[in-house]
There are 2 protein chains.
Amino acid sequence: MPTTRPATDYDERVIAAAREVFTQYGFAAPISEIARIAEVGVASIYRRYPSKRELAEQVRIASTSRIIEEAEDALARESEPWEVLRRFMYGCLREHTGIGVVLPPHGGCEGFSEELLRLRSRMISLVERIVTAAQDAGELRADLRAADVFVLFKHLNPPLATDESRRAELRARYLTLVLPGLREACVPLPGQAPEWEELRRMCEEGPAPDHSKE
Amino acid sequence: MPTTRPATDYDERVIAAAREVFTQYGFAAPISEIARIAEVGVASIYRRYPSKRELAEQVRIASTSRIIEEAEDALARESEPWEVLRRFMYGCLREHTGIGVVLPPHGGCEGFSEELLRLRSRMISLVERIVTAAQDAGELRADLRAADVFVLFKHLNPPLATDESRRAELRARYLTLVLPGLREACVPLPGQAPEWEELRRMCEEGPAPDHSKE
DNA sequence: TCCTCACCGGAACGGATTATTCCGCTTCGG
DNA sequence: CCGAAGCGGAATAATCCGTTCCGGTGAGGA
């Protein structure tokens, strides 16, 4: 947790690049790739964050906060429960939100800061509130769990090898495709809905693609 | 292309394990992990396949053939165009089909065998036939391209850290969730549909998760 | 029973990748 | 023109992974 760092735009460039790289390739992606995207030297990253682990933590904090903002914003701006959910999902999948980085890695949350754990549970309860409200209003199929929404996020955010803006476009495309299916349950969903605990165990991978031949 | 190999069940164990590992973690996953899953020594893999590249090629061939079978089976068994598509998609996402491994890696198809390229284009034209037929019958939204179907496959096949049977269950769950949204276009899809050429450029990553702390 | 041979699993090797550190250079204030 | 602060990228050391090597094992024949 960097306490007082000099205020440059380096900070946001680094975090933005790290979010992009981690989101796309997973936390195994090399720091040098982040430096390349941020147009910054590797050392400049280490000058601000003591280790890769710490950088990852900051990225998680930033993204989780952003998701929370999206949820609160959706709750504040929309009254119709379905519209709340809709706005929330589009918001989360918007460019630079960095969903897909908010779930903890394989092996659980040990070593996470109190701050991040707090943000995480806040995020989860907001999503549950949104989902439950939509279901109570009969506008969202009842056999869906809040955790399903996160799996959908994960599904809609795969590491495709294009630039971020195109990926954002595709995310919106497929969310639009998926949304109508969420409303009414013509056919009951097969399989058990995932629990948060199970979801917690589903890590992201996305190790390094071949950055050499480029 | 291994010409004549001794007939053990090793062969199928290796291919099955490789398909599972490559599907989940991408082609960057270590061979040793495949050996572990197959309960086989590393050398036993190399005794049959001259290199990792060759093994990957065989896995691709096996999976692509399987997808082709699913498509032909669906076309043969169903007459209703929508049911053809439906059966095809469920079939592809069934356990052990290994979809998600059939798209070429970053950097194109250079070095692929003629056989695989032939299978690939056969697979693509079958999918296009199925999609087009459903659209002509007015049972599938018209602003969807065949390549979208593959992106959906990719979306529905993310590397979740569970056993394969649970993953298959979840794939079915989310396909059921998604399918109804494909039928009618209440809202037009935003963004440009991906072209095959673009899809070709979208590689899979999924580099190695931490196999050490397990 | 003992020898031979085919085959297997896992350790060993060498190259490649990467987190982290070090250092010379640039730049800006005085 | 000097000095310091901050930067980029090369250098370092450890790790990982593809591939090869080797001793072990068990079936089958003498």
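Each chain gets a letter, A, B and so on, in the order the sequences are listed, and its residues count up from 1. No hydrogens, no waters, no symmetry mates; every other heavy atom, side chains included, goes into these values.
For the pair Tyr49(B) OH and dG18(D) C1', the computed distance is 17 Å after rounding to whole Å. Computed from coordinates, the Asp9(A) CG to dC7(D) P distance equals 10 Å when rounded to whole Å. Between the C1' atom of dC8(C) and the CD atom of Glu39(B) lies a distance of 14 Å, rounded to the nearest Å. Rounded to an integer number of Å, the gap from NZ of Lys52(B) to P of dT19(D) is 8 Å. Whole-Å rounding puts the Ile31(B) CD1 to dG9(C) C1' distance at 15 Å. Rounded to a whole Å, the CG atom of Asp11(B) is 14 Å from the C1' atom of dC7(C). Spacing between atom CD of Glu33(B) and atom P of dC16(D) amounts to 14 Å, rounded to whole angstrom units. Taking atom CD1 of residue Ile45(B) and atom P of nucleotide dG10(C), one finds them 12 Å apart after rounding to whole Å.
Remark on DNA chain C: of its neighbouring residues Ser32(A) and Ala43(A), the 5'-side contact belongs to Ser32(A), judged by nearest-heavy-atom nucleotide.
Remark: Ser44(A) is in phosphate contact with dG8(D), judged by side-chain N or O atoms under 4.0 Å from OP1 or OP2. Under 4.0 angstrom from either OP1 or OP2 of dC8(C) there lies at least one side-chain N or O belonging to Arg48(B). Taking side-chain N and O atoms only, Arg47(A) has a distance below 4.0 Å to OP1 or OP2 of dC7(D). Residue Tyr46(A) places no side-chain N or O under 4.0 Å from the OP1 or OP2 atom of dG9(D).
Residue Val40(A) is in sugar-phosphate contact alone, with no base atom involved, counting any heavy-atom pair closer than 4.0 Å across all strands shown.
Nearest nucleotide to the Tyr10(A) side chain, out of dT19(D), dG9(D), dC7(D): dC7(D).
Residue Glu72(A) forms a salt bridge (Lys or Arg N to Asp or Glu O under 4.0 Å) with just one option from Arg129(A), Arg77(A), Arg122(A), and that option is Arg122(A).
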**Message:** Could you walk me through whether Glu164(A) and Arg171(A) satisfy the salt bridge (Lys or Arg N to Asp or Glu O under 4.0 Å) test, starting with their C-alpha distance in whole Å, then the side-chain angles of each, then the deciding distance to 0.1 Å, before giving a yes or no?
**Reply:** CA-CA 10 Å; Glu164(A) 166 58 23; Arg171(A) 287 198 299 268; 2.9 Å; yes
**Message:** side chain to side chain donor-acceptor pair (under 3.5 Å) for Thr97(B) and Glu70(B)? Distances and angles first, verdict last.
**Reply:** CA-CA 9 Å; Thr97(B) 313; Glu70(B) 292 292 341; 4.9 Å; no
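Both tests hold for Arg13(B) against Tyr10(B): distance to the six-membered ring centre under 6.0 Å, angle to the ring axis within 45°.
Judged by distance alone, with hydrogens and angles left aside, the side-chain atoms of Glu169(A) form a donor-acceptor pair with the main-chain N or O of Gln192(B) at under 3.5 Å.
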